[in-house]
Amino acid sequence: VGITLLFASALVILYGVYAILSAKPAAVPVQEIRTREDYEAALSRYRRVKALEGEIRFALEQLDRIGKKKSTLMEVLHQRFDPGEMSFKKFAAVIEEVERLFYLNLRSVLNRLNVFDEADFNRVMRRKTAPFKQEILQQKIQMYNEFLAFVQGSLGTNEEILLKLDQLLVEITRLDSLVPEDIEHMPCMQEIDSLIKQTKFYKQ
């Protein structure tokens, strides 16, 4: 009896530890997400969703990269310009706007993830026939394909944002002299402006 009780106690403890480790952290409503850590925590809740493992891992990598890129860009700006200069303010404003756009894309992804039904997704995607009309099954498949395309498209836009920030860094480090009026005519600044306008239009 004593051995049985010890064995049962050990099983209960092991199960409790497993339950704690495997439990998802409490969800923060998307509208309350403010910081980079909030975004990381919100995305991490979906790490174990097999259908989205690659996308979630990639999104978390992007989140880490944009923090590093912004830090590097601001450091270079401080080296090249005085914070009171118009050139500094123009570059800093663009960097802030691009970062804001990056997080808006992530917010859109999280809004979709919050209503994603993994069990239904797996059930639908594994079936060739269903106990209901085939037309309904096809509509469900189309709905989930559109969901995946949206997530991948948003991550693709964020990857483009990261590329533009890299290009901006290269252009800033190459500058010898610059007047504020020339900033808008820099190739990378024009591409960033175009990306911001296109994405805003798309989101609307």
Side-chain angles (χ1 to χ4, degrees), residues 7-71 98-166 195 198-199 202-204:
F7 183 70
S9 299
L11 284 177
V12 169
I13 292 169
L14 286 173
Y15 178 78
V17 171
Y18 170 78
I20 291 170
L21 292 175
S22 61
K24 289 182 179 179
V28 176
V30 176
Q31 63 270 23
E32 293 180 16
I33 292 176
R34 295 287 181 271
T35 66
R36 178 185 174 280
E37 289 72 24
D38 290 341
Y39 280 97
E40 185 175 355
L43 285 168
S44 294
R45 293 186 68 250
Y46 302 95
R47 268 182 164 169
R48 292 187 177 88
V49 178
K50 289 196 174 183
L52 298 167
E53 277 179 342
E55 285 80 3
I56 298 303
R57 192 184 312 114
F58 190 54
L60 288 167
E61 288 173 3
Q62 288 182 328
L63 196 56
D64 182 57
R65 281 190 286 150
I66 195 166
K68 290 176 180 177
K69 289 184 192 302
K70 181 185 177 184
S71 177
V98 169
E99 183 189 37
R100 191 180 73 84
L101 184 60
F102 178 95
Y103 282 111
L104 280 176
N105 284 332
L106 274 190
R107 187 176 287 264
S108 296
V109 168
L110 286 169
N111 278 326
R112 298 292 182 100
L113 289 173
N114 279 347
V115 296
F116 176 70
D117 187 335
E118 183 184 7
D120 187 56
F121 174 85
N122 292 332
R123 189 164 49 247
V124 167
M125 291 308 194
R126 281 198 298 257
R127 278 184 174 169
K128 293 183 180 178
T129 59
F132 44 78
K133 288 183 179 179
Q134 190 69 17
E135 181 184 349
I136 295 175
L137 178 62
Q138 292 304 317
Q139 288 175 352
K140 278 177 167 275
I141 291 172
Q142 181 181 350
M143 178 186 71
Y144 283 121
N145 283 335
E146 288 174 355
F147 163 80
L148 291 174
F150 176 85
V151 171
Q152 291 163 1
S154 295
L155 296 182
T157 300
N158 277 356
E159 192 62 25
E160 190 175 355
I161 286 171
L162 291 166
L163 174 61
K164 299 303 179 192
L165 289 178
D166 279 335
L195 178 64
Q198 286 175 7
T199 308
Y202 172 73
K203 293 296 179 186
Q204 289 173 356

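Nearest heavy-atom pair, Arg48 versus Glu118, reported as atom, atom and distance to 0.1 Å: O-OE2, 4.1 Å. Leu148 and Ala51 make their closest contact through CD2-O, 4.5 Å (heavy atoms, listed as atom of the first residue, atom of the second, distance). Taking every heavy atom of both residues into account, Arg34 and Asp38 meet most closely at N-OD2, 3.0 Å. Looking at every heavy atom in both residues, Arg47 comes nearest to Glu53 through O-CG, 3.5 Å.
Of the candidates Ile161, Leu155, Leu43, Asn105, Leu155 is the only one forming a side-chain contact (heavy atoms from CB on, under 4.5 Å) with Gln62. Among the candidates Leu165, Leu162, Ile66, the single residue satisfying the side-chain contact (heavy atoms from CB on, under 4.5 Å) test with Val98 is Leu165.
Between Phe121 and Phe116, the ring planes lie tilted relative to each other; the angle falls in the 30° to 60° range. Between Tyr39 and Tyr103, the angle of the ring planes lies from 30° to 60°, which puts this pair in the tilted group.
By the 4.0 Å N-to-carboxylate-O rule, Glu61 lies too far from Arg57 to be salt-bridged with it. A salt bridge links Glu159 to Arg65: one of the charged nitrogens lies within less than 4.0 Å of a carboxylate oxygen.
Proximity of a side-chain donor or acceptor of Ser154 to a complementary backbone N or O of Phe150 within less than 3.5 Å is detected.
With contacts defined as side-chain heavy-atom distances shorter than 4.5 Å, the pair Asp120/Lys140 qualifies. Between Phe147 and Val151 the shortest side-chain heavy-atom distance falls below 4.5 Å. In this structure, Glu40 and Arg36 have side chains that are in contact, with non-hydrogen atoms separated by less than 4.5 Å. Between Ile56 and Leu113, some side-chain heavy-atom pair lies under the 4.5 Å cut-off.
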Check step by step if side-chain contact (heavy atoms from CB on, under 4.5 Å) holds for Asn122 and Tyr144. CA-CA 10 Å; Asn122 292 332; Tyr144 283 121; over 6 Å; no
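Expressed to the nearest 0.5 Å, how far NZ of Lys69 lies from CZ of Phe102 amounts to 10.5 Å. Between Asn158 atom CG and Leu163 atom CG the span is 12.5 Å, to the nearest 0.5 Å.
Side chains of Glu146 and Gln142: a donor-acceptor N/O pair is present below 3.5 angstrom, by distance only.
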